[in-house]
Amino acid sequence: MDLLGKLLVISGDDGRVSGRIIETEAYTADDPASHSFKGPTKRNEPMFGPAGHLYVYLSYGIHCCANIVTGGIGDGQAVLIRAIEPVVGIDAMRERRPGRPDRQLADGPGKLSAALGIDLSMNGLDLTDPAASIRVFDDGTRPPSDPIVGPRVGISTALDRPWRFRTPER
DNA sequence: AAAGAGATGGTCT
DNA sequence: GACCATCTCTTTT
């Protein structure tokens, strides 16, 4: 499941907001930089659940970051959503991120969670459930044939794994 | 333009 | 008690 180019849609109290996924990072259980590396714990439990579920964690005590579980049960594999391009509900995102230029509304894992209203209460949600408040849609946009591949960000080990993928500017 | 530091809290040792 | 899959503001070139 290639996530680049897909739509992330959140249905909240004040309507619906969505964005196109333009940057991701892969994390696996045999990866020293992954939360799942040391085995299942209370926090990373969703990572060891079925694919298509959401894994949200609190980063640096302040920000929420959203992952989509990609492995099967017990695999401990997920993809961090690092950036999205606002598509629907840009006004709502501006309200949630006052004072920020549009370019910086959701161009980081913590920023996109704030802009879209993703928080810890959404941890573990089943994105394949039609009734879920957060879902991933394929609107026909093809994933980039020439994604930018590079080292991951914000980690201190396994820096040699080029598992960061970004949609190029058009 | 780049570099540095503080905020802030759950999780794990 | 240390460590972060971060962000923003302030200070320095």
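Proteins get letters first, then strands, A, B, ... in listed order; numbering begins at 1 in each.
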Atom-to-atom span, [atom1] of [X] to [atom2] of [N] - whole angstrom:
X: A:N67; N: C:dT6; atom1: CG; atom2: C1'; value: 14 Å
X: A:L58; N: B:dT8; atom1: CG; atom2: C1'; value: 8 Å
X: A:E23; N: C:dA5; atom1: CD; atom2: C1'; value: 12 Å
X: A:D107; N: C:dC7; atom1: CG; atom2: C1'; value: 10 Å
X: A:H35; N: B:dT13; atom1: NE2; atom2: P; value: 13 Å
X: A:Q77; N: C:dA5; atom1: CD; atom2: P; value: 18 Å
X: A:I118; N: C:dC7; atom1: CD1; atom2: P; value: 13 Å
X: A:L112; N: C:dA5; atom1: CG; atom2: P; value: 16 Å

Closest to the [X] side chain, choosing from [options]:
X: A:Y55; options: C:dA5, B:dT8, C:dC7; answer: C:dA5
X: A:S59; options: C:dA5, C:dT6, B:dG10; answer: C:dT6
X: A:K111; options: B:dG10, C:dC7, B:dA7; answer: C:dC7
X: A:C65; options: C:dC7, C:dT6, C:dC4; answer: C:dT6
X: A:I155; options: C:dT8, B:dT8, C:dA5; answer: C:dA5

Output yes when a side-chain donor or acceptor of [X] lies under 3.5 Å from a complementary backbone atom of [Y], and no otherwise.
X: A:R164; Y: A:R152; value: no
X: A:N67; Y: A:A78; value: no
X: A:R94; Y: A:A92; value: no

Under 5.5 Å and under 30°: A:Y60 stacked on B:dG9: no
Output yes when at least one side-chain N/O atom of [X] is less than 4.0 Å from OP1 or OP2 of [N], else no.
X: A:R97; N: C:dT8; answer: yes
X: A:H63; N: C:dC7; answer: no
X: A:T41; N: B:dC12; answer: yes
X: A:R100; N: C:dC9; answer: yes

5′-ward residue of the pair A:Q104/A:A66 relative to DNA chain C: A:A66
Sugar-phosphate, base or nothing in reach of A:L80, heavy atoms under 4.0 Å: base
Touch class at under 4.0 angstrom, heavy-atom based, for A:R164 against every strand present: nothing
Counterpart base for C:dA5, defined by Watson-Crick or G-U wobble contacts under 3.5 Å: none
Nucleotide forming a Watson-Crick or wobble pair with B:dA1, both distances under 3.5 Å: C:dT12
ILVMFWY clustering at 4.5 Å (side-chain atoms), partners of A:F137: A:L7, A:V9, A:V87, A:V88
Check: C:dA5 base within 3.5 Å donor-acceptor of A:Y57 side chain: yes
Pairing of A:K111 and A:D107 as salt bridge, 4.0 angstrom limit: yes
N-O pairing of A:D102 and A:R97 below 4.0 Å: no
Residue closer to the 5' end of DNA chain B, A:G61 versus A:K38 (nearest nucleotide): A:G61
